[in-house]
Amino acid sequence: MNRMDQAYALLEAECRDRGVDLDAAARRLAELEVETPSWGYGDSGTRFKVFKQAGVPRNAFEKIDDAAVVHRLTGACPSVAIHIPWDKVDDYRALAQHARDSGLRIGAVNPNLFQDDDYVLGSITNVRPEIRRKAIQHMLECVDIMREVGSTVLSLWVPDGTNYPGQGDMRRRKRWLEEALREVYDALDPDMRLLIEYKFFEPAFYHTDLADWGMAYLAAEKLGPQAQVLVDTGHHPQGTNVEHIVAVLLDEGRLGGFHFNSRKYADDDLIVGAIHPYELFLIFAEIVAAERSGDQRVAQTARAIAYMIDQSHNIEPKIPAMIRSVCNIQTQFAKALLIPWDLLRDRQEQNDVLGAEGVLRETFELDVRPLLWRIREERGLPVDPMKAFAESGHMGAISSRGIGGSGWS
Ligand code: RM4
Ligand code: MN
Ligand code: MN
């Protein structure tokens, strides 16, 4: 037996002891799809400096090329999210065709309400009606783009807010926000979803109009079934129990998608799973539990989640950073799939605090690499996508693009 087989046999034995079906976990894991963001391949930085890297894509087509590399090596990233106007092109059908030719499809379309000079004091909650109109028109344009590229997800983050008490009328702004979202919602085709992303601060520092999951939930609830909440893991105050939010939204049928990234202090957009891997595992634990739920609405909501990465790499080489994020997501999802649910329930029923906590933590401590190797090998993928990328010579190949590719503008 080689090392891989030995490691697999060990994991198999552990699963058998714990009454967990490893084959079922492998099947579910192999189906996991994670969308990567076009902007994660471009240059981005902090408010102090954008360091330009060589080989960064110069346009939306080249961003798709880079996303295709990630998919080729991981087999898990068949779609790429676009941001308008960063990915503005003359012919969106040609962009969608380019994606198809590269083995991909275009996923979520993200409107941009934060970079036009007119939005300095807000977009859809601006006190001036003509600016609110402009922002609404931009979102409607994004719905048209969705039709052209075949996308079914409008992924909306509203950056509006104020910096000082008294600067704006929070209730009035809430009404404007609701009005704008209503107009956009009504423009959606029946198979489209509006995912509403919240964030508690930045760029505004006193109040943000869509600050937390409750406000996003309320907006979605008022709009209708095609509106759901998007949880960006970097958008909460320190110490927030994100998996609890996930559980509540799942139970209400309103969890639409994720923007995965990790953070230490603010909205850091670091490699997924790099800072708090246990949190990511616990989020997936809630999702797996929901997928297994006997409540059909909960199970269906979980199965329809749009898993997306939202990263902006400041110092990291973009493509391998994205591959690492995907692998880290797969790792934590794999672990969540190996939770012995009956045992956990049993310990909960017994009010066995340490026993129940132990079931989750011991699952987190399992070495699931053999499971990842297996699903990759079975599908003819490199067992180590990071290594495969390093050996591919791709970094050298794209360096001919030079320095000064596209970024946050
Ligand atoms: C925001 C938010 C959005 C993302 C932009 C770039 O903080 O996370 O989802 O599109 O950043
Ligand atoms: Mn985000
Ligand atoms: Mn963010």
Side-chain angles (χ1 to χ4, degrees), residues 34-47 50 60 63 67 79-88 106-116 119 122-124 135 138-139 142 145-146 151 153-161 193-205 208-213 215-216 219 228-238 240 242 245-246 249 255-272 274-276 280 283 305-314 316 318 321-322 325 329 406-409:
V34 180
E35 183 162 304
T36 70
S38 69
W39 57 98
Y41 301 103
D43 275 325
S44 72
T46 65
R47 62 200 170 97
V50 177
K63 289 181 206 169
S79 65
V80 55
I82 57 173
H83 221 295
I84 308 297
W86 296 339
D87 297 315
K88 211 175 175 94
I106 293 185
V109 174
N110 291 247
N112 183 320
L113 299 176
F114 50 95
Q115 283 184 317
D116 195 294
Y119 301 152
S123 62
I124 55 175
H138 170 61
M139 291 187 286
C142 287
I145 293 172
M146 288 170 74
S151 162
V153 171
L154 184 68
S155 180
L156 179 66
W157 171 57
V158 179
D160 295 14
R193 288 194 280 173
L194 169 64
L195 302 191
I196 305 171
E197 179 176 2
Y198 58 90
K199 168 163 155 168
F200 75 113
F201 89 114
E202 192 198 37
F205 294 115
T208 297
D209 290 287
L210 271 171
D212 64 23
W213 73 271
M215 296 179 206
Q228 290 177 305
V229 179
L230 186 152
V231 176
D232 182 313
T233 48
H235 287 189
H236 310 87
Q238 293 285 5
T240 301
V242 181
I245 296 171
V246 168
L249 290 174
L255 181 66
F258 281 94
H259 270 177
F260 286 128
N261 49 53
S262 59
R263 55 79 69 103
K264 179 72 180 161
Y265 299 108
D267 186 18
D268 307 335
D269 286 335
L270 298 176
I271 291 171
V272 186
I275 308 290
H276 299 302
L280 186 57
I283 288 171
I305 292 173
Y307 297 105
M308 302 178 277
I309 291 173
D310 180 8
Q311 275 178 211
S312 295
H313 304 122
N314 176 23
E316 306 88 329
K318 327 286 177 190
M322 201 64 80
S325 282
I329 290 170
S406 60
W408 272 39
S409 55

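Below, all heavy atoms of this structure are taken into account, side chains as well, without hydrogens, waters or symmetry copies. One-based numbering, in listed order, for ligands and for the atoms of each.
- Aromatic rings from Trp157 and Phe114 are positioned such that their centres are separated by under 6.0 Å.
- Inspection of the Trp39 and Gln311 side chains reveals no N or O donor paired with an N or O acceptor under 3.5 Å.
- A salt bridge between Asp212 and Lys199 is absent, with no side-chain N of the basic residue lying under 4.0 Å from a carboxylate O of the acidic one.
- Remark: the Asp160 side chain and the Ser123 side chain contain an N/O donor-acceptor pair separated by less than 3.5 Å.
- Ligand 1 places these atoms under 4.0 Å from at least one heavy atom of Asp232: 8 (O).
- Among the atoms of Glu197, some N or O lies under 3.5 angstrom from an N or O of ligand 1.
- Within the coordination shell of the Mn ion (ligand 3), defined by N, O or S atoms under 2.8 Å, Asp267 is present.
- Contact annotation for Glu202 and ligand 1: no heavy atom of the residue comes within less than 4.0 Å of the ligand.
- Nearest N/O/S atom of Asp232 with respect to the Mn ion (ligand 2) is recorded as OD2.
- Within Asp310, the N, O or S atom lying nearest to the Mn ion (ligand 2) carries the name OD2.
- Closest to atom 10 (O) of ligand 1, if we only count protein heavy atoms, is His83 NE2, 2.9 Å.
- With respect to the Mn ion (ligand 3), His235 has NE2 as its nearest N, O or S atom.
- Nearest N, O or S atom of Glu197 to the Mn ion (ligand 2): atom OE2.
- Side chain to side chain, Asp310 and Asn261 fail the donor-acceptor criterion of an N or O pair below 3.5 Å.
- A distance-only check finds no donor-acceptor pair linking the side chain of Asp268 to the backbone of Leu270 [under 3.5 Å].
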* Asked: Would Ser406 and Tyr41 satisfy side chain to side chain donor-acceptor pair (under 3.5 Å), going step by step from the backbone distance to the final call?
  -> CA-CA 9 Å; Ser406 60; Tyr41 301 103; over 6 Å; no
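- The Mn ion (ligand 2) has an N, O or S atom of His259 closer than 2.8 Å.
- No close placement of the Phe201 and His235 rings is indicated, their centers lying 6.0 Å or farther apart.
- Counting atoms of ligand 1 from 1 in the listed order, those under 4.0 Å from a heavy atom of Asp267 are 7 (O).
- The protein non-hydrogen atom at the shortest distance from atom 4 (C) of ligand 1 is Asp310 OD2, 3.4 Å.
- Set against the non-hydrogen atoms of Lys199, the atoms of ligand 1 under 4.0 Å away are 7 (O).
- Counting atoms of ligand 1 from 1 in the listed order, those under 4.0 Å from a heavy atom of His259 are 9 (O).
- Between the side chains of Tyr198 and His236, at least one donor N or O lies within less than 3.5 Å of an accepting N or O.
- Set against the non-hydrogen atoms of His235, the atoms of ligand 1 under 4.0 Å away are 2 (C), 7 (O), 8 (O).
- Panel note: side chain Glu316, backbone Asn314; a donor-acceptor pair is recorded below 3.5 Å.
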